Amino acid sequence: MTVPGPRAETLRASGETVFTLPPFDQRNRDLRNIRRSIGLARALRPRIVLTSGAGVVLTFVAASRALGAKVVFAETMARVTSPSATGRVVNRFADSRLVQWPDLAPAYTNPHVCRPMLLPHVVPAPSTGRVGTFLSVGTHTQPFPRLLGMVEDAVARGLLPRPIVAQLGVSKTESQEIEVRPWLDRAQFQRELSGAELVIGHCGAGFVGAAISVGQRPMILPRLATHHEHVDDHQLQLLHKLAELRLVVALDERITEAEISRTAELASGRKVAAGAPEVGAVLAAELRRLAA
């Protein structure tokens with residue numbers, strides 16, 4: 001269950017059953033999400049609901065719980081020190097709770113602390129064979145002009161290797177120096193991510209995890225609520241943790257030669273939180289327990 005868009009269509013095309021919900025706009029008191037969520041909960045009557053806490057599904061999760069479903073909540077890897085708004089609500093009635101960083105455990109009731117799901121293994125960065133620059137702002141519904149401007153400034157100063165390919169989503173879609181693509185399918189995204197000499201992007205957990213898994217050490221600028229780039233500043237939490245682990249290079253106001261050089265220094269392969277159980281193993285055990 002998710003919002004309409006490319007990811008939903010990709011899942012459908014792969015054979016999955018996908019239900020979509022209208023985005024939840026609390027500020028405008030849009031009731032379409034609430035009506036659709038309650039209707040689906042009544043129609044589907046799920047026995048168990050597994051959720052990562054995206055706000056769009058909150059009403060469906062709560063309605064399903066009221067109708068007798070068990071709820072397993074896995075907080076996103078992006079939340080390192082404080083819970084999501086959905087997590088604060090679901091924590092009150094969930095039957096099982098998983099967090100992916102030890103720092104977050106005090107915020108939840110009896111949580112399972114797991115290894116970050118998108119960082120199971122951190123592979124070394126290859127020293128040769130990659131060309132150009134790949135920029136991604138993700139699939140979030142708010143644009144990210146601040147990062148685009150930073151990249152265009154670096155291009156003008158001749159700092160970034162060419163060719164430069166950018167996945168820009170709903171952001172600006174024209175550039176004199178950059179090959180712009182609003183959306184990429186999974187294969188295209190993986191090809192650009194794996195083949196680029198430099199990778200630049202936002203601090204979405206999925207994007208960063210994918211980059212690190214193919215040996216990239218991306219330069220990252222977090223989306224911030226003060227710039228109307230996201231609903232809050234949770235990407236800053238993840239950026240601080242990943243920079244502490246020497247897995248990304250944090251950007252601030254401008255891309256410099258020093259930051260580009262630093263991406264080449266962060267090339268060691270290792271595990272992250274190797275002592276903690278994997279999310280998949282904990283989920284399998286909890287689903288078996290609740291289904292018994």
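The structure displayed is predicted, hence computed values, not measured ones.
Under the 4.0 Å criterion applied to side-chain N and carboxylate O atoms, R65 and D95 are assigned as salt-bridge partners. Ion pairing between R97 and E75 fails under the 4.0 Å rule for side-chain N and carboxylate O.
How far CZ of R35 is from CG of L40: 14.0 Å, rounded to the nearest 0.5 Å. Atom-to-atom distance recorded for K70:NZ and L50:CG is 15.5 Å, nearest 0.5 angstrom. Separation of atoms SG (C203) and NE2 (H234) is listed at 8.5 Å; rounding is to 0.5 Å. Separating the OG atom in S96 from the CG atom in N110 is a distance of 10.0 Å, to the nearest 0.5 Å. Distance CG/L239 to CG/L247: 11.0 Å, rounded to 0.5 Å. Here CG of L67 is found 7.5 Å from CZ of R42. Values are rounded to the nearest 0.5 Å.
Summarising the geometry of T20 relative to A8, their closest heavy-atom pair is CG2-CB, 4.2 Å, with the distance given to 0.1 Å. Residue R262 comes nearest to V249 through the heavy atom pair CG-CG2, 3.8 Å, listed as atom of the first residue, atom of the second, then distance. The two residues T133 and A196 make their nearest non-hydrogen contact at C-CB, 4.3 Å. Counting all heavy atoms, side chain and backbone alike, R12 lies closest to V18 at NH2-O, 3.2 Å. The two residues P83 and A107 have their closest heavy-atom pair at CD-CB, 3.8 Å. What you find for E259 and D252 is that their closest heavy atoms are OE2-N, 4.4 Å.
Other residues, nucleotides and ligands place no more than 12 heavy atoms under 6.0 Å from the CZ atom of R186. Heavy-atom neighbours of H227 NE2 from other residues, nucleotides or ligands within 6.0 Å: above the threshold of 12. Summarising the local packing, CZ of R157 is surrounded by more than 12 heavy atoms from other residues, nucleotides or ligands at distances under 6.0 Å.
Side-chain contact between I220 and L242 is absent, with no heavy atoms from C-beta onward closer than 4.5 Å. Proximity of M1 to L44: side-chain heavy atoms (C-beta onward) are separated by under 4.5 Å at one or more points. Looking at D185 and Q188, their side chains come closer than 4.5 Å, going by heavy atoms from C-beta outward. A 4.5 Å side-chain heavy-atom check between W183 and F189 finds every atom pair outside the cut-off. Side-chain atoms of L168 and L135, non-hydrogen and from C-beta on, do get closer than 4.5 Å to each other. Using a 4.5 Å heavy-atom cutoff, the side chains of F207 and V199 are in contact. Residues H112 and P277 are not in side-chain contact: their nearest non-hydrogen atoms beyond the backbone lie 4.5 Å or more apart. In this structure, L21 and S37 have side chains that are in contact, with non-hydrogen atoms separated by less than 4.5 Å.
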Take L238 and R79, measure what side-chain contact (heavy atoms from CB on, under 4.5 Å) needs, and give me the verdict at the end. CA-CA 7 Å; L238 183 58; R79 297 288 176 168; over 6 Å; no
Please assess L251 against I200 for the test side-chain contact (heavy atoms from CB on, under 4.5 Å), listing each intermediate value before the final yes or no. CA-CA 9 Å; L251 295 175; I200 304 170; 4.1 Å; yes
One pair to check against side-chain contact (heavy atoms from CB on, under 4.5 Å): S52 and T76. What are the steps and the verdict? CA-CA 6 Å; S52 62; T76 171; 5.6 Å; no
Test log, rule salt bridge (Lys or Arg N to Asp or Glu O under 4.0 Å), inputs E286 and R288: CA-CA 5 Å; E286 288 300 284; R288 286 194 297 269; over 6 Å; no
V49 and F60: side-chain contact (heavy atoms from CB on, under 4.5 Å), yes or no, with the steps? CA-CA 9 Å; V49 175; F60 174 81; 4.3 Å; yes
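Transitive grouping of hydrophobic side chains (ILVMFWY, heavy atoms separated by less than 4.5 Å) brings M150 and L148 into a common cluster. Note: the hydrophobic cluster containing L58 does not contain L98 (ILVMFWY, side chain heavy atoms under 4.5 Å, direct or indirect links). Residues L160 and F144 share a hydrophobic cluster, clusters being chains of Ile/Leu/Val/Met/Phe/Trp/Tyr side chains in contact below 4.5 Å. No chain of hydrophobic side-chain contacts below 4.5 Å, direct or via other Ile, Leu, Val, Met, Phe, Trp or Tyr residues, connects L290 to V71. Taking hydrophobic clusters as Ile, Leu, Val, Met, Phe, Trp and Tyr residues chained together by side-chain heavy-atom distances below 4.5 Å, L198 shares a cluster with V180.
For the side-chain hydrogen bond (donor to acceptor under 3.5 Å, both in side chains) test with E229, the passing option among R146, H202, Q235, R223 is R146; the others fail.
A tilted orientation is assigned to the rings of Y108 and F73, their planes being inclined by 30° to 60°.
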